[in-house]
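Working notes, structure below.
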Amino acid sequence: MLVETYTSPCDMQVTVKAVAATRSEPGYTIRGLKPLTVQFAATPYRATSCGPDGTLKVGAPLSSTGPHEVALYGVAANCKVGGFNPRMVYPGSDLVAATAFTVTCMSQGDVYVSTSTTGVDLDPDGYTVTVDGGASQPMASNGTVTFTGVAAGSHTVALSGIAGNCSVTNANPQTVTVTAGATTGAPFSLSCAPTGSGSGNLTIETSTTGSNLDSDGYSLTVDGTTSRPIVTNGSVTVAVAAGAHPVALSGVAANCVVGGANPRTVTVPAGGTATTTFAVTCNAQLPPPEVSGQGQIGMGPATPGDSVLTFTFDLRADLTGRFTATDYGDVHPSGTPASITTDPATDPATSITAYRNSSSACGDQSRGVEVDAVGREDEGQLVSYTVQLCDNGPAGSGSDFWSIFLPSEGYGHSGSVTSGDIVKQ
């Protein structure tokens, strides 16, 4: 129980009680208003946090028996306040008023939906994925979407808008069980057949220029299923059914870039040949190792008072790049959340001092990065910190990990990435 008392002639006492919660919530903020004379959400009385099942006293110079308005805000999106909010309270003769808020919270998690479509003449406009027959999102033929804030328990995920020549090869709809604070996957596999008749030839060419060319060549995949090697400057011809075929080039060295769409769709006419060329450009200098990301830790919207931390960064082993993080659970008296930024290009006093290309914080240490840096806090102070970053899976999978620690302040915040992605290159 968190109790904070501010000395004043009298107190307005508010009790917050959370019920039916299966996980801890970030806490709430009490704001008292005396509409006719004094508003004390800001100076000289700062908004104060209170956790579930806590009691909070907020000092206010109540000069009369009321009424006075009290509001509970900063409540997570998965919680509801019972009764009126805001509400009026009436102090007694001792100028002390009391009221109780009952907050009911629903456990939530995420549903990560993916599609993998193979074959010919793939559905050009993709599909629609729906949860429980309500919320829906468009879905690419080969793509992912995430439904956030889904109530814990059993849910139905369905894929629709499927072209007539395509079919789902696993269950549709699927039943998934969402666990509080976790991400549950719902993968769909599809196969598409040619819409026309006949066959033709598909020729894929590679044209690679520049320096330090990829010595072991590339890998070529047709229709999402058939893969074969191809040299840096060469061609491969395959006999295929007439129709639109997805073609992808992979295994490209880090210092090389593929021009144009990759993957791309090539239409082969019956009895004819279609040709496509992948133009690849390579640089002499291999780029330094790099990690980038954008997203958040914590469920719900990024609102001051909520246990949500947002971040965006692009950090490189040559000690260049930019980093910023904002902790919405660490709120200043002004009501703004605390933040820290490192950007040597615009603030030379900040710097990236070390880059380690692995991290003990990751299950597979090779998927991690650790960075030491000096950043500027939003109130102007320069502080040293360390971040640990783990690229454990694709965007929206909930498997990436993010951590920051400021030794001089004893501050740390870490957790799985609930929205966004971390990419190690």
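Predicted, not measured: the structure shown is a model, and the values here were computed from it.
The line from CH2 of Trp402 to CG of Leu309 is 4.5 Å long, rounded to the nearest 0.5 Å. Taking CD1 of Ile204 as the reference point, atom CZ of Arg264 lies at 10.0 Å (rounded to 0.5 Å). Going from atom CZ of Arg322 over to atom CD1 of Ile352 covers 11.0 Å, rounded to the nearest 0.5 Å. Atom CG of Asp347 is separated from atom OG1 of Thr341 by 8.5 Å, given to the nearest 0.5 angstrom. Separating the OG atom in Ser160 from the CG atom in Asn172 is a distance of 8.0 Å, to the nearest 0.5 Å. The CD atom of Gln137 sits 10.0 Å away from the OG1 atom of Thr128 when rounded to the nearest 0.5 Å.
With contacts defined as side-chain heavy-atom distances shorter than 4.5 Å, the pair Thr277/Thr206 does not qualify. For the pair Val371 and Phe313, the minimum side-chain heavy-atom distance is 4.5 Å or more. Contact check for Ser250 versus Ser219: side-chain heavy atoms found under the 4.5 Å cut-off. Between Val291 and Ile422 there is a side-chain heavy-atom pair separated by less than 4.5 Å. Using a 4.5 Å heavy-atom cutoff, the side chains of Val168 and Ile162 are in contact. By the 4.5 Å heavy-atom criterion applied to side chains, Phe401 and Val417 are not counted as neighbours. In this structure the side chain of Phe311 never reaches within 4.5 angstrom of the side chain of Thr324, judged on heavy atoms. Between His413 and Asp330 the shortest side-chain heavy-atom distance does not fall below 4.5 Å.
Between the side chain of Thr310 and the backbone N or O of Gly295, no donor-acceptor pair lies under 3.5 Å. Panel note: side chain Gln294, backbone Thr312; no donor-acceptor pair is recorded below 3.5 Å. With Thr265 contributing its side chain and Val247 its backbone, the two residues share no donor-acceptor pair below 3.5 Å. Checking side-chain atoms of Asn283 against main-chain N and O of Ser211 turns up no donor-acceptor pair under 3.5 Å. Asp364 contributes a side-chain N or O that, together with a main-chain N or O of Ser366, makes up a donor-acceptor pair within less than 3.5 Å. A distance-only check finds no donor-acceptor pair linking the side chain of Ser384 to the backbone of Val374 [under 3.5 Å]. A distance-only check finds a donor-acceptor pair linking the side chain of Asp400 to the backbone of Asn392 [under 3.5 Å]. Here the side chain of Thr184 pairs no donor or acceptor atom with the backbone of Val111 at under 3.5 angstrom. Side-chain atoms of Asp121 come within 3.5 Å of backbone atoms of Ala244 as a donor-acceptor pair (strictly under, hydrogens ignored). Although no hydrogens or angles enter the test, the distance criterion places no donor-acceptor pair under 3.5 Å between the side chain of Ser416 and the main chain of Ser399.
Side-chain contact, Asp372 with Tyr385: no donor N or O sits under 3.5 Å from an acceptor N or O. For the 3.5 Å distance criterion, the side chains of Thr225 and Thr118 fail to qualify, holding no donor opposite an acceptor. At a cut-off of 3.5 Å, with distance as the only test, no side-chain donor of Thr146 or Thr148 sits close to an acceptor on the other residue. A side-chain donor from one of His332 and Asp378 sits under 3.5 Å from a side-chain acceptor of the other.
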task = Apply the test side chain to side chain contact (heavy atoms under 4.5 Å, CB included) to residues Asp123 and Thr117: give CA-CA distance (whole Å), side-chain angles for both, the deciding distance (0.1 Å), then the verdict.
result = CA-CA 9 Å; Asp123 197 330; Thr117 307; over 6 Å; no

query = Could you walk me through whether Thr221 and Ser227 pass the side chain to side chain donor-acceptor pair (under 3.5 Å) check?
reply = CA-CA 4 Å; Thr221 303; Ser227 296; 2.8 Å; yes

task = With side chain to side chain contact (heavy atoms under 4.5 Å, CB included) as the test, would you mind laying out the steps for Val252 and Val257 before giving the verdict?
result = CA-CA 8 Å; Val252 180; Val257 177; over 6 Å; no

message = Working note: Leu315 + Phe323, criterion side chain to side chain contact (heavy atoms under 4.5 Å, CB included); need CA distance, chi angles, decisive distance, verdict.
response = CA-CA 7 Å; Leu315 304 168; Phe323 174 93; 4.0 Å; yes

message = Between Met139 and Val113, does the side chain to side chain contact (heavy atoms under 4.5 Å, CB included) criterion hold? Intermediate values first, please.
response = CA-CA 9 Å; Met139 168 73 82; Val113 186; 3.6 Å; yes

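A salt bridge does not link Asp343 with Arg376: every distance from a Lys NZ or Arg NE/NH1/NH2 to an Asp or Glu carboxylate oxygen is 4.0 Å or more.
Listed by first and then second residue, the disulfide bond (SG atoms under 2.5 Å apart) pairs involving residues 211-325 are Cys256-Cys282 (not counting sequence neighbours). Sorted by first then second residue, the disulfide bond (SG atoms under 2.5 Å apart) pairs that include residues 175-227, not counting sequence neighbours, are Cys166-Cys192. Applying the disulfide bond (SG atoms under 2.5 Å apart) test to residues at least two apart or on different chains, the pairs with a partner in residues 336-371 are Cys362-Cys390. For residues 208-234, there are no salt bridge (Lys or Arg N to Asp or Glu O under 4.0 Å) pairs, not counting sequence neighbours. Sorted pairs that involve residues 304-350 and meet disulfide bond (SG atoms under 2.5 Å apart), not counting sequence neighbours, are lacking altogether.
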Anything under 3.5 Å between a donor and an acceptor, one on a side chain of residues 152-159, the other on a protein residue two or more places apart or in another chain? List them.
from, atom 1, to, atom 2, distance (Å)
His155, ND1, Asp132, OD2, 2.5
His155, NE2, Ala151, O, 2.5

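With Ile404 as the fixed residue, the side chain to side chain contact (heavy atoms under 4.5 Å, CB included) test singles out one of Ile297, Val387, Thr386, Leu389: Val387.
Remark: Thr209 pairs with Thr281 by the side-chain contact (heavy atoms from CB on, under 4.5 Å) rule, at least two apart or across chains. Applying the side-chain contact (heavy atoms from CB on, under 4.5 Å) rule to Ser360 yields the partners Gln365, Glu370, Gln388; only residues at least two apart in sequence or on another chain are considered. By the salt bridge (Lys or Arg N to Asp or Glu O under 4.0 Å) test, Asp391 is found to be paired with Arg367, residues two or more places apart in sequence or in another chain being considered. By the side-chain contact (heavy atoms from CB on, under 4.5 Å) test, Thr273 pairs with Asn201, Thr203, Thr275, sequence neighbours left out. For Arg316, the salt bridge (Lys or Arg N to Asp or Glu O under 4.0 Å) criterion is met by Glu290, Asp314, not counting sequence neighbours. Partners of Pro344 under the side-chain contact (heavy atoms from CB on, under 4.5 Å) rule, at least two apart in sequence or in another chain, are Thr342, Thr350.
Closest heavy-atom contact between Ala242 and Pro269: CB-C, 4.1 Å.
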